[in-house]
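Below: the structure, in structure tokens.
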Amino acid sequence: MRYIQAASKKKTIQRMVEPITKEIWWSMILHGISGGLIPVLSVFSMEWITSRILKSNVEIGEVIKIIALVSLGGFCLEIIKTQTERRTYNKINLIRMNFLKKLMHKTMTMDLKYYENPEFADEMESCIIAVQSNTNGIEGIYHMVYLLGAKLLGAILLAIILARINFWIVVVIFLSVLFTFWTLTKISDARYQRKEELNQAERRNFGYGHLTTDFSYGKDIRIYNFQDRFLQSYENEIQNLEGIYRDLFLIERRFSLLSILGLVFADLFAYYILTTNGMLTFQVSEFVMYLTATSIFSLMMNEITEDFANVHREFAYCKDTIGFLDMNFITDESDKSYAPGTPISVEFEHVSFKYPNSKKYVFEDLSFKIEPSEKLALVGVNGAGKTTIVKLLTGLYRPTSGRILINDIDYTQFSIEDLHELFGVVFQDIEPLAVTIKENVAASSKDIDGKRVEMALRQVGLWDKISQYEKGIDQMLLKIINEDGAVLSGGENQKLMIARALYRKGTQMMIMDEPTAALDALAEEKIYREFDQIMQGKTSLFISHRLASTLFCDRILLLDGGKVLEEGTHDELLNYDGLYAHMFKTQGKYYQEVEKNEKQASVESI
Ligand SMILES: Nc1ncnc2c1ncn2[C@@H]1O[C@H](COP(=O)(O)OP(=O)(O)OP(=O)(O)O)[C@@H](O)[C@H]1O
């Protein structure tokens with residue numbers, strides 16, 4: 001793998017043993033002893049019962065007594081075995097959930113450059129596989145190892161019994177089992193080697209499933225007839241997966257045939273020795289006992305082999321998960337705190353940047369400064385790099401070269417938490433979370449100041465709407481988790497996100513990336529009018545395609561070809577008569593025409 005390094009065997013075992021509590025260990029011992037004695041009891045009971053039945057003067061009462069005692073013993077052992085297993089099942093499940101929690105934390109805190117990288121996502125899939133199921137991965141191994149104790153003890157005791165007839169029976173069965181283990185590991189190794197291909201195919205399959213079931217794509221799929229296109233692509237994905245599975249199946253078929261041959265040979269050998277040696281030396285009851293012991297031993301050894309092979313298979317994924325959890329995916333981590341308490345200045349100093357998987361630079365040698373409390377508008381054509389500037393400024397990505405300074409200090413010196421605390425950001429692709437309105441605004445579930453939530457909602461003009469809900473700011477949003485959740489419109493969501501940026505106490509700079517794109521003209525006009533009050537004197541960066549909306553800003557930067565092409569106030573740039581003036585006039589003409597058409601339409605309708 002390129003990004004994630006699997007942990008060593010030793011470290012993986014260490015990490016997996018750490019969370020096992022004393023209670024689980026004791027349960028395992030109790031389960032192992034009770035489960036291990038059951039097959040031995042069955043084997044001896046055959047001898048006890050047969051010898052009584054074959055006596056010339058059969059005493060039915062005695063036979064029934066033995067059957068009753070054996071059944072009672074078996075019942076007690078079975079109860080201990082199943083009860084200990086049941087009680088421990090949930091505890092093992094919790095261990096897996098804790099691993100999953102750590103993985104979720106890692107995923108949510110790692111640098112965005114990993115999160116946005118599909119190659120990384122494919123590698124991460126192997127780590128997720130190990131924590132998302134009860135029967136596979138980490139939890140699967142715990143369950144299998146837990147159950148193995150009983151099987152191993154049973155097999156050892158039976159091996160001791162069988163070794164009394166002929167030591168070679170045990171040796172041959174053991175060798176055949178080793179051979180089966182080898183074949184099974186070959187099969188699982190083949191699968192593991194193709195895991196990235198499989199993950200990639202599964203990710204794309206999931207992607208198509210998501211596309212067709214996520215209702216936000218529903219309208220476009222129907223209107224633009226994407227159905228055939230998606231079904232065709234999905235068909236290709238099925239064929240791709242089928243190809244991989246076919247290759248794996250061929251390997252599986254070859255090795256499983258070999259393993260079956262090994263097992264048949266071992267069984268034939270054991271029964272041969274038993275019949276040739278045993279029939280001459282043993283009584284019938286002993287013979288029955290050894291016959292039963294041989295078949296149970298052979299079955300148990302097969303089960304044990306399969307369990308070991310499964311543990312071997314799943315362990316490979318666990319090594320990836322532990323490796324992932326132990327690795328650091330946060331760059332330039334500093335624990336130095338920083339809380340200036342006043343509006344900040346921001347400076348890009350000869351910054352060059354390209355995305356990790358890309359050869360093309362978005363900027364080369366970009367320099368500009370935003371003074372404390374200054375309101376700067378950033379404009380430019382699509383793809384000019386405006387959002388990338390926000391990602392760099394907020395530390396979601398770091399410059400490839402050059403420095404970003406906050407209050408003249410290199411921002412890599414501050415802890416990422418403190419850096420994030422400085423910014424109230426509203427991105428263009430906004431999505432509220434499926435929690436209450438107040439949690440959405442406060443971005444927290446604890447210590448929420450209801451008054452501040454209300455004030456922020458009033459400032460963005462959303463209070464009238466929210467106060468109409470019976471539960472007010474305690475109303476849940478979205479229907480994914482709560483079917484009574486409220487669904488806000490695109491513009492209302494955008495207002496909610498602005499309210500979130502305003503709520504934060506530590507915010508010293510407001511960043512608005514197309515914050516009004518989904519707002520209606522009245523709401524947009526109101527927000528601009530009240531922008532000074534909304535921004536509360538904070539340093540502000542405002543990105544918008546509607547150039548008229550930049551009028552209230554102190555300065556405008558026009559970004560083009562990875563450089564600052566023009567810079568100045570709105571009037572200065574109009575006088576300069578460059579690209580900004582051209583864009584503004586074109587937009588102005590468009591808006592004037594729309595306005596003219598609307599007026600004409602209303603006159604005609606009268
Ligand atoms: N995660 C990414 N990986 C690789 N390239 C990216 C990534 N995100 C953006 N880009 C590329 O970086 C360039 C700048 O993108 P950015 O989103 O910053 O532009 P923008 O000016 O905000 O565009 P718009 O006005 O359309 O929102 C684009 O060429 C885009 O394709």
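Every value quoted in this text rests on a predicted model; they were computed, and no experiment measured them. Basis for what follows: all heavy atoms, side chains included, without hydrogens, waters or symmetry-related copies. The residues of the chain are indexed from 1 along the displayed sequence. Indexing begins at 1, ligand by ligand and atom by atom, following the structure's order.
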Give the residue, atom name and distance (to 0.1 Å) of the protein heavy atom nearest [atom].
atom	value
atom 15 (O) of ligand 1	Thr388 OG1, 3.6 Å
atom 26 (O) of ligand 1	Asn382 ND2, 2.9 Å
atom 23 (O) of ligand 1	Gly383 N, 2.9 Å
atom 5 (N) of ligand 1	Tyr355 CD1, 3.2 Å
atom 1 (N) of ligand 1	Glu116 OE1, 2.9 Å
atom 27 (O) of ligand 1	Gln428 NE2, 3.1 Å

[X] versus ligand 1: do any nitrogen or oxygen atoms come within less than 3.5 Å of each other?
X	result
Gly385	yes
Ser358	no
Ala384	yes

Report the part of [X] (side chain from C-beta onward, or backbone N, CA, C, O) that has a heavy atom under 4.0 Å from ligand 1; answer both or neither where that applies.
X	value
Lys391	side chain
Lys386	both
Val362	side chain

Hey, is the main chain of [Y] close enough, under 3.5 Å, to the side chain of [X] for a donor-acceptor pair?
X	Y	value
Lys375	Ser540	no
Thr394	Val390	yes
Arg96	Ile138	no

> Is the distance between the ring centroids of Tyr115 and Phe329 less than 6.0 Å?
Replying inline: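 No - the distance between ring centres of Tyr115 and Phe329 does not fall below the 6.0 Å cut-off.
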> When the aromatic ring centroids of Phe348 and Phe363 are compared, is their separation below 6.0 Å?
Replying inline: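 When the ring centroids of Phe348 and Phe363 are compared, they turn out to be at least 6.0 Å apart.
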>> Taking CE in Met327 as the centre, count heavy atoms belonging to other residues, nucleotides or ligands within less than 6.0 Å. Is the count above 12?
In response: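 More than 12 within 6.0 Å, yes.
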> Would one find more than 12 heavy atoms of other residues, nucleotides or ligands at under 6.0 Å from atom OH of Tyr576?
Replying inline: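 No, because the 6.0 Å sphere around OH of Tyr576 holds 12 heavy atoms or fewer from other groups.
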>> Check the orientation of Tyr580 and Phe584. Use parallel for under 30°, tilted for 30 to 60°, and perpendicular for over 60°.
In response: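 Ring orientation of Tyr580 relative to Phe584: parallel.
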> Could you state the interatomic distance from NZ (Lys369) to CG (Leu376), rounded to the nearest 0.5 Å?
Replying inline: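 It comes to 13.0 Å.
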> Any protein heavy atom lying closer than 4.0 Å to atom 30 (C) of ligand 1?
Replying inline: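 Protein heavy atoms within 4.0 Å of atom 30 (C) of ligand 1 - there are none.
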> Under 4.0 Å from atom 12 (O) of ligand 1, is there any protein heavy atom?
Replying inline: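 It does: a protein heavy atom is found less than 4.0 Å away from atom 12 (O) of ligand 1.
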>> Tell me whether Arg194 forms a cation-pi arrangement with Tyr245, defined as NZ or CZ under 6.0 Å from the six-membered ring centre and within 45 degrees of its axis.
In response: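 Relative to the ring axis of Tyr245, which defines the angle, Arg194 lies outside at least one limit.
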> Can you list the atoms of ligand 1 that are under 4.0 Å from a heavy atom of Thr387?
Replying inline: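 Checking each atom against Thr387, I get 17 (O), 18 (O), 20 (P), 22 (O).
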